[in-house]
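Contents: one structure, followed by commentary.
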Amino acid sequence: MISGRPVSQGTLLATSSTTPRPSDPAEVAALHQLILSSLDDDQAVETISIPLAGKSSIADFMVIASGRSTRQVASMAAKLSERIKAEQGRSPRIEGLPTADWVLIDAGDVIVHLFRPEVRSFYNLERMWSFGDAPPPEPTRG
């Protein structure tokens with residue numbers, strides 16, 4: 001309850017504070033490395049890291065990885081959240097854990113997307129966020 005009113009889960013998420021973003025580049029690098037190491041330890045598939053600095057103000061990095069099943073995706077997300085809390089002292093926000101087809105972990109300066117392979121290929125976030133990194137399209141001749 002907030003102010004004597006019942007609170008739905010959506011309201012609670014909307015009113016809770018967001019994960020603070022550290023301003024120290026060394027802290028950002030440590031968080032990024034912690035995430036990549038954790039995913040590697042948990043045998044994530046096709047892990048990629050997309051630098052967002054200069055592209056977006058939402059984070060400095062976006063990490064995308066796949067798990068072979070919903071069970072593995074959920075396990076990777078839970079372990080990653082625990083490791084971030086234990087080593088960085090912050091609690092990341094997690095969305096999508098109950099179904100674990102696509103789990104979003106907002107760790108402040110690093111946003112993590114964990115997918116089942118079919119869901120990842122459908123949304124294709126790598127392509128969406130690679131603007132500026134991809135070569136320009138060939139001009140059409142006609």
Side-chain angles (χ1 to χ4, degrees), residues 1-140:
M1 287 195 165
I2 295 180
S3 303
R5 296 183 317 223
V7 178
S8 70
Q9 183 179 9
T11 304
L12 183 60
L13 288 176
T15 59
S16 66
S17 63
T18 59
T19 303
R21 294 188 61 193
S23 56
D24 181 10
E27 289 181 35
V28 174
L31 174 62
H32 185 235
Q33 187 56 49
L34 169 67
I35 290 168
L36 294 176
S37 295
S38 179
L39 294 174
D40 186 52
D41 291 347
D42 292 336
Q43 300 178 353
V45 179
E46 296 182 32
T47 302
I48 66 160
S49 179
I50 301 170
L52 297 180
K55 293 180 185 177
S56 175
S57 62
I58 62 169
D60 289 334
F61 294 96
M62 180 179 296
V63 175
I64 303 171
S66 297
R68 292 178 292 281
S69 65
T70 56
R71 186 179 210 169
Q72 184 187 16
V73 169
S75 176
M76 287 189 306
K79 287 180 183 177
L80 180 56
S81 176
E82 290 169 12
R83 288 174 180 155
I84 291 170
K85 188 171 185 174
E87 295 186 30
Q88 297 280 319
R90 60 169 105 184
S91 296
R93 293 181 55 190
I94 301 176
E95 299 287 335
L97 196 54
T99 57
D101 283 333
W102 175 2
V103 177
L104 170 77
I105 303 167
D106 181 352
D109 282 297
V110 183
I111 307 287
V112 182
H113 296 273
L114 302 176
F115 291 98
R116 280 188 316 102
E118 304 81 29
V119 178
R120 182 176 180 172
S121 66
F122 178 79
Y123 287 101
N124 200 3
L125 291 182
E126 295 94 325
R127 184 167 175 245
M128 181 187 319
W129 282 95
S130 68
F131 61 88
D133 294 338
E138 292 292 321
T140 57

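Note that the structure is a prediction, hence the values are computed from the model and not measured. What you see below is based on every heavy atom in this structure, not just the backbone, and it leaves out hydrogens, waters and symmetry mates.
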- Query: Roughly how far, to the nearest 0.5 Å, is the CG atom of Leu114 from the OG1 atom of Thr70?
  - Reply: 12.5 Å
- Query: Is there a donor-acceptor pair closer than 3.5 Å between any side-chain N or O of Gln43 and the backbone N or O of Gln72?
  - Reply: no
- Could you tell me the separation between the CG atom of Asp106 and the OG atom of Ser91, rounded to the nearest 0.5 Å? 12.0 Å
- Would you indicate whether the side-chain heavy atoms of Ile111 and His113 approach each other to under 4.5 Å? yes
- When rounded to the nearest 0.5 Å, the distance separating CZ of Arg90 from CG of Asp109 is 6.0 Å
- Note on the structure: The reported gap from CD in Glu46 to CD1 in Ile64 (rounded to nearest 0.5 angstrom) is 11.0 Å
- Tightest non-hydrogen contact, residues Ile94 and Ala77, listed as CD1-O, 4.4 Å
- Task: Measure the shortest side-chain to side-chain distance between Asp101 and Phe122 over non-hydrogen atoms and say whether it is less than 4.5 angstrom.
- Result: no
- Is there a side-chain contact between Ile84 and Ile35, using heavy atoms and a 4.5 Å cut-off? yes
- Message: Can you tell me how far apart CZ (Arg83) and OG (Ser37) are? Round to the nearest 0.5 Å.
- Response: 9.0 Å
- Item | Shortest non-hydrogen contact from Ser66 toward Pro117 | OG-CA, 4.3 Å
- Item | Reported CG-to-CD1 distance for the pair Asp60 and Ile50, which is rounded to 0.5 angstrom | 13.5 Å
- Task: Quick one: closest heavy-atom pair of Trp102 and Leu125, and the distance?
- Result: CZ2-CD1, 3.9 Å
- Query: Would you call Leu31 and Phe61 a side-chain contact if the rule is heavy atoms closer than 4.5 Å?
  - Reply: no
- Query: Do Glu126 and Asn124 have side-chain heavy atoms sitting under 4.5 Å apart?
  - Reply: yes
- Message: Testing the basics here: between Gly108 and Ala59, what is the closest heavy-atom pair and its distance to 0.1 Å?
- Response: O-CB, 3.8 Å
- Task: Please report the closest heavy-atom contact between Thr47 and Ala65, naming both atoms and the distance.
- Result: OG1-CB, 3.5 Å
- Item | For the student: nearest non-hydrogen atoms of Val63 and Ser49, plus distance | CG2-OG, 4.1 Å
